[in-house]
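Here's the structure, in structure tokens; my notes come after.
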Amino acid sequence: MAEQTVKFNITGMHCVNCAMTIERSLKDLKGIISVRVNFPSATGIVTYDANIISKTRITKYIKDIGYIATERIRLDQTSKASIQMGWLVFSIIATIIMMVLMYAPLPCSMHAYMSYAQMVIATITLLGPGMDFFISAYKSVKNFFANMDVLVSIGVLSAYIYSTLAIYGIFGTSGHAFFETAVMLITFIRIGKYLEERVKGRASHALQRLAKLQADKAHLLSPEGKELEVNASSLCVGDKVVIRAGETIPVDGEVIEGNSSVDQSMVTGESMPVVKQKGDKVVGATINKTGVLIVKATSVGEETILSQIINMVEEAQMDKAPIQRFADKVSNVFVPVVVFLSLVTFISWYFSSYATGGHLSFVWSLKMAIAVLVIACPCAMGLATPTAIMVGSGVGLDHSILIKRASALEEIARLNVIVFDKTGTITEGHFTVTNIVPSNSVNESELLTLAAAGCSLSNHPLAQSVIEEAKDRNIVYDTVQNFNEAAGSGITCQYSGKTLLIGNKELMAFHKINVNELQNKINEPGAHGKTLMYVAYNGKCIGILGLMDKIKQNARDVVNQLKQMNIRIIMITGDSEQVAKSVASEVGIEEYRAKVLPAEKMDIIKDIQKTGVKVGMVGDGINDAPALAQANVGIAIGAGTDIAKETGDVILIKNDMMDVIRVIRLGKQTLSKIKQNLFWAFFYNVIGIPVAAGALYPFFGISLKPEYAGLAMAFSSVSVVTNSLLLKRTSFQ
């Protein structure tokens, strides 16, 4: 199978059911693996088998069912809002003219022509601002699907056709022509469409800001040493780029010349600039603050970190949470049900009015039926979930929390258990020398000199920590000879002609080094779960170094807050029982698993899930990837490995453990907004349909004109989106 994925911009969608029509139709094609279409962002992602079907055929098929798909996603929605604004202004002017014709004191001689003038205005309005609805309804019916535009079209055309027949007396029709209903209906729905586009654009504002961070221009250094100004998009891997102070770095790359400080807050969230010099990596869209850098491009275009972040956010917004799938199914069933209720309303009122001698029974019944069709449009239901998720993921991005999978926002709100990796997650992932315990034959400085000399040729993290400690103390040492490093035990070498051993207790025992003299001194560092490094010189143990992976500053606060949320916490680590117990105790975690292999981490997650609870996994390393994938929600630390970030559903870019709390709160608040939106959308329809059908008219004389039903329907959609936007004002610190 040659699996490929293509992203489309899709035009011609008018509501959520349009997106469902495209999804359903494409899934029937042979070779299509998965389809996700998002109405609010007007985008689609299709995964397909290139051996069976091509992008061209997919594009053509989408066109055949009535929509236009173009590859690549444009984030700017201004043009859509401006088009909606144009049609809105047109329909408002038509409505004003219609009202003038209806209520202005015109000469009696002109009254006969008023209905004809209204018909002309209504016809122009239907063929202009209203045509979108009819085209969408046609596409929907053609594909055996019912969307909200089917309801709108039936309502508008019913009013228009009856009014046209009435003024000419065709088929015996007579009475009041209500062209104004068709025009006002289109106007009010256009108001909703325009406001909907505006709020949708605001919902994706964070994503648009990200795209604008990318540099437009770059100074390419030619092989002859000349600088050429080029479009950043034209750069290739291997190109050399000159970046001056104040300029945005256009590519991901490596510094080959120069020294400067770079503002990396876009990637790391840290405001403090980072010094960059030859050999250091730089990230595209970060800002060069001081000196001049010459950078060799290692990633360009779609391969840069910023582009990958944008792609992740776009794909997250395409993903459908389980609660949205439920709303989509309800919306799909709802339209045929509403059409049926509209027919029942018409028949009920018509025969009721006829029996009581109502002379406008047909007109009255038709108006009631149209009002039911219009007020029941399920657009608000369809927008309830995707808009909340778009805003939620945007808010997360503003706080350096990258939501890769939208459904993770819902699932994270339901987590019962969170499993933490230890190293690099709860701890800094970097060892420091915390204890220097010399024997009576040497002092601290002499012990550290010998230890640093022995570690100088090793790449082991513990050895590097010893070297750093020696550098901090300005300790100078000579080079060792006959260096040998045995995995799992330690280092053997020669220093000043004598044997130097640095390692664990087993290494000392193998070389028959007596450590009894220092046994009492090792109890203190050992009791705190520190890693012990024994140093022996010339056949005698001369001291012990205690090293520890520092616990992150706010780890205990995070654990305490999770407990307050009634979330069970488990720590897993490949470290020893003693180290695991010490770290768990220090941060307040009661449950932990020690000496756990990478595959076993995944098994632990599976075993917990078998009890019926939802599990989140927080990790940063390659060995955490299987567990991150297995968990209901994988949360990757931003400073971790690429494979962990690729596997996780959420990335904490700032490497701040407190972001675990923030993303859980964001998930809970997003889910709360979705539930509020769905409640009000359903509640609105449940209340609105009986009122529109005239249930209150016999008792209170209350009825609802179709045009006002259209206004109410339009603003119900806007209220749902606006409620989602309130997430931006909610604090989840």
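Predicted model, so just to flag it, every value in this text is computed and none were measured.
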Check the side chains of [Y] and [X] for a donor-acceptor pair under 3.5 angstrom, ignoring hydrogens and angles.
X      : Y      : result
Asn632 : Asp649 : no
Gln481 : Tyr495 : no
Ser260 : Asn288 : yes
Glu485 : Ser458 : yes
Thr499 : Gln494 : yes
Arg556 : Gln561 : no

Starting at [atom1] of [X], measure out to [atom2] of [Y] and round the result to the nearest 0.5 Å.
X      : Y      : atom1 : atom2 : result
Ile544 : Tyr534 : CD1   : OH    : 5.0 Å
Thr434 : Glu469 : OG1   : CD    : 9.0 Å
Met565 : Asn416 : CE    : CG    : 13.5 Å
Leu447 : Ser439 : CG    : OG    : 7.5 Å
Ile664 : Ile412 : CD1   : CD1   : 5.5 Å
Ile653 : Leu402 : CD1   : CG    : 5.0 Å

Would a 4.5 Å heavy-atom cut-off, applied to side chains only, mark [X] and [Y] as touching?
X      : Y      : answer
Ile567 : Lys563 : no
Ile513 : Leu501 : yes
Ile589 : Ile570 : no
Ile287 : Val262 : no
Ile635 : Leu652 : yes
Ile294 : Val241 : no
Ile418 : Leu562 : yes

Exercise. Is the shortest distance from a Lys or Arg side-chain nitrogen in Glu257 or Lys278 to a carboxylate oxygen in the other one below 4.0 Å?
Worked result: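 No.
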For this session: Before accepting this row, confirm whether a basic side-chain N of the pair Glu227/Lys240 lies closer than 4.0 Å to the acidic partner's carboxylate O.
Result: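 Salt bridge between Glu227 and Lys240, a charged N being under 4.0 Å from a carboxylate O: no.
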The criterion is side-chain hydrogen bond (donor to acceptor under 3.5 Å, both in side chains); which residues satisfy it with [X], sequence neighbours excluded?
X      : result
Thr611 : none
Asn231 : Lys217
Ser445 : none
Glu428 : none

For this session: In sequence, state the C-alpha distance, the side-chain angles, and the governing distance for Glu254 and Lys281, and then conclude on salt bridge (charged side-chain N to carboxylate O under 4.0 Å, His left out).
Result: CA-CA 5 Å; Glu254 180 180 333; Lys281 303 291 184 183; 3.4 Å; yes
Heavy-atom donor-acceptor pair, [X] side chain to [Y] backbone, under 3.5 Å:
X      : Y      : result
Thr425 : Lys422 : no
Ser465 : Phe431 : yes
Thr298 : Asp252 : yes
Asn443 : Glu446 : yes
His511 : Leu507 : no

For this session: Take Thr427 and Lys552, measure what side-chain contact (heavy atoms from CB on, under 4.5 Å) needs, and give me the verdict at the end.
Result: CA-CA 5 Å; Thr427 64; Lys552 289 184 178 177; 5.8 Å; no
For this session: Kindly determine whether Asp239 and Cys236 satisfy side-chain contact (heavy atoms from CB on, under 4.5 Å), including the steps that lead there.
Result: CA-CA 6 Å; Asp239 283 347; Cys236 301; 3.8 Å; yes
For this session: List in chain and number order the residues that pass salt bridge (Lys or Arg N to Asp or Glu O under 4.0 Å) with Glu444, two or more places apart in sequence or in another chain; answer none if no residue qualifies.
Result: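 Testing Glu444 for salt bridge (Lys or Arg N to Asp or Glu O under 4.0 Å), a comparison that skips the adjacent residues, returns Arg473.
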For this session: Could you pull out all residues at least two apart from Glu468 that satisfy salt bridge (Lys or Arg N to Asp or Glu O under 4.0 Å)?
Result: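 None.
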For this session: Check step by step if salt bridge (charged side-chain N to carboxylate O under 4.0 Å, His left out) holds for Lys581 and Glu586.
Result: CA-CA 9 Å; Lys581 182 178 181 180; Glu586 188 162 345; over 6 Å; no
Exercise. Is the count of non-hydrogen atoms from other residues, nucleotides or ligands lying under 6.0 Å from Phe510 atom CZ greater than 12?
Worked result: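 Incorrect, the count does not exceed 12.
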